[in-house]
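Structure first, then comments.
Order of the sequence lines fixes the chain letters, A, B, ..., with proteins taken first and strands second; residue numbering starts at 1 for each chain.
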Amino acid sequence: MSSKMQSSSSTAQARRMVQQLRIEASFERIKVSKASSDLMRYCGEHAKNDPLLMGIPASENPFKDKKPCTVL
Amino acid sequence: MCDQTFVAATFGPCESCGKASPLMNIYIKTEAINFCSFCVELMTCQVLQGGESVASLKRESDNLKKKLEEERGKLNDIELHQVAEKSEVLGAFAIKTRRLLKGHGNKVLCMDWCKDKRRLVSSSQDGKVIVWDAFTLNKEHGVTLPCTWVMACAYAPSGCAVACGGLDNKCSVFPLSLDKNENLNAKKKSVAMHTNYVSGCTFTSSDMQILTSSGDGTCALWDVESGQLLQSFHGHTADVLSLDLAPSETGNTFVSGGSDMKANIWDMRSGQNIQSFETHESDINCVKYYPSGDAFASASDDATCRFFDLRADREVAIYQKDSIIFGASSVDFSLSGRLLFAGYNDYTINVWDVLKGTRVSVLFGHENRVSRLRVSPDGTALCSASWDNTLRIWS
């Protein structure tokens, strides 16, 4: 069902590559400055919810080192 | 009553339209052409436009490539780390190993968290797949596959099943039951069938579909219940080593990275390769989407991790240091996307500031290369799997 993708026809392969490149060339791109500022904004908005970034107090950390506890 | 059977020599993706169907194997001037019957008809009706030869196609593809480079270059008005100078510097980073999961008898190759944030599944070279409770270190389930090198494992979104695959060229799904004594192998369901090893697998938004990547150069989407191939993705020219699904808000795409040094973005519905990034200098071992879905990071044997923005269609950051010479095997983002955790073959985990491009911290502890790391679904912990037979939970 999933045979190895071996194209014995080099024309078919070249045609495929040209079609793929045409698709990629028609892509709508935005400026890096806009993309970067959007990424920064996302980080800023979610930073306070990020436990690994902000650090969580040991009392709330589910993985804190086990201490002896009494079972009620 | 006679059944009309369709006689076909081979079944597979048509070389012209890419759809999987019975192929007509014909020869044109000693060149073997494997098209589906529809495309054969199209071809015979079409008149090749003025001298469409390999040479002219190659020229056109070279021109297109140059044009792409120019277009991408025009939009590169500023670097990400320059924009990020405005953001605050990260404070001292202090996380350490909180749990050490011992139990595998051989190299741990892959792991995945469950959505309940406490369970995880891991697979190893000796064919064992273990489901752990990370809080209590309890091993909840264990199953042994008949093959070695189980390179991929994934937890279903419902938490009721795990999928794994590797050198057996298959991806199998095991429904997990509450009965500890039940033999998981009895309910095993083989879903995916590739012609080479399975390097990565993940469930899509439900338990019903699995996406797999394979050493045969393809990725495929399967229906779990019937085992049917729903869509196949062709485009890589070498083994596909990793894949990641886009976060649910951003739609039906996924990214894959392979030994051909390319990272491709695919549309799951059409099977189309939407974007391609080729800046790495060696095999891409791992790809992971940024939490917003607008970017992704990759880890490669060229000792760098790179960050690609999808809307700008280019690489926007490289995470590298002269002192890092070993390949990176795995990456994952923290919940906000500000931190990038990368596991390397020199046994360490480096923590990078995604925006500024600087290294924040190095985590030592593993005694062999780190094969995979994943941040837990609520972002409270990082789990790393290693060839030293253990998994570590950092928090």
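Both the backbone and the side chain of B:Ser276 come within less than 4.5 Å of a heavy atom of chain A. Of the two parts of B:Val375, only the side chain, counted from C-beta on, holds a non-hydrogen atom closer than 4.5 Å to a non-hydrogen atom of chain A. At a 4.5 Å heavy-atom cutoff, B:Arg118 makes no contact with chain A through either its backbone or its side chain. There is no contact between B:Ala94 and chain A, counting heavy-atom distances below 4.5 Å. Neither the backbone nor the side chain of B:Asn63 has a heavy atom closer than 4.5 Å to any heavy atom of chain A. Using a 4.5 Å cut-off between heavy atoms, B:Asn76 touches chain A through backbone and side chain atoms alike. For chain A, the nearby parts of B:Leu80 are the backbone and the side chain; heavy atoms of each come within less than 4.5 Å. Of the two parts of A:Gln20, only the side chain, counted from C-beta on, holds a non-hydrogen atom closer than 4.5 Å to a non-hydrogen atom of chain B. Neither the backbone nor the side chain of A:Glu45 has a heavy atom closer than 4.5 Å to any heavy atom of chain B. Both the backbone and the side chain of B:Ala381 come within contact range of chain A, each with at least one heavy atom under 4.5 Å from a heavy atom of that chain. Both the backbone and the side chain of A:Leu21 come within contact range of chain B, each with at least one heavy atom under 4.5 Å from a heavy atom of that chain. Contacts between B:Val316 and chain A at a heavy-atom distance below 4.5 Å involve the side chain alone, from C-beta outward. With a threshold of 4.5 angstrom between heavy atoms, B:Phe333 does not approach chain A through any atom at all. Contacts of B:Ile274 with chain A are made by both backbone and side-chain atoms, with heavy-atom separations under 4.5 Å. Interface remark: B:Ser334 contributes backbone and side-chain atoms alike to the contact with chain A (heavy atom separation under 4.5 Å).
When each of B:Gln272, B:Glu79, B:Arg311 is scored by its heavy-atom pairs under 4.5 Å with chain A, the top score falls to B:Arg311. Between chain A and the options B:Asp77, B:Ile393, B:Asp378, the largest number of non-hydrogen pairs under 4.5 Å is found for B:Asp77. Most heavy-atom pairs under 4.5 Å with chain B, from the set A:Asp38, A:Asn49, A:Leu52, A:Ile23: that is A:Leu52. In terms of heavy-atom pairs under 4.5 angstrom with chain A, the leader among B:Val354, B:Leu382, B:Ile78, B:Thr380 is B:Thr380. Options B:Ala134, B:Ala84, B:Gly379 differ in how many heavy-atom pairs under 4.5 Å they form with chain A, and the most are formed by B:Gly379. For chain A, the option among B:Glu71, B:Gln275, B:Lys117 with the highest count of heavy-atom pairs below 4.5 Å is B:Gln275.
When atom types are taken as modelled, the side chain of B:Asp313 and the backbone of A:Arg29 share no donor-acceptor pair closer than 3.5 angstrom.
Nearest approach of B:Leu68 to A:Ala25, heavy atoms of both residues: CD2-CA, 3.8 Å. Scanning all heavy atoms of the two residues, the minimum distance from A:Leu39 to B:Phe307 falls at CD1-CE2, 3.6 Å.
Going from atom CG of B:Leu57 over to atom CD of A:Gln19 covers 9.5 Å, rounded to the nearest 0.5 Å. With rounding to the nearest 0.5 angstrom, the CD1 atom of A:Ile30 is 10.0 Å from the CG atom of B:Leu310. Here CZ of A:Arg22 is found 10.5 Å from OG of B:Ser61. Values are rounded to the nearest 0.5 Å. The NZ atom of B:Lys58 sits 6.5 Å away from the CE atom of A:Met17 when rounded to the nearest 0.5 Å.
Among residue pairs with one or both ends in residues 84-95 of chain B, none qualify as side chain to side chain donor-acceptor pair (under 3.5 Å); sequence neighbours excluded.
With sequence neighbours left out, B:His81 forms a ring pair (Phe, Tyr, Trp, His ring centres under 6.0 Å) with no residue at all.
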For this session: List the steps and the verdict of side chain to side chain contact (heavy atoms under 4.5 Å, CB included) for B:Asp294 and A:Tyr42.
Result: CA-CA 10 Å; B:Asp294 288 330; A:Tyr42 186 90; over 6 Å; no
For this session: In sequence, state the C-alpha distance, the side-chain angles, and the governing distance for B:Leu64 and A:Val18, and then conclude on side chain to side chain contact (heavy atoms under 4.5 Å, CB included).
Result: CA-CA 8 Å; B:Leu64 281 171; A:Val18 170; 4.1 Å; yes
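A 4.5 Å side-chain heavy-atom check between B:Leu335 and A:His46 finds every atom pair outside the cut-off. At least one side-chain heavy atom of A:Cys43 sits less than 4.5 Å from a side-chain heavy atom of B:Leu355.
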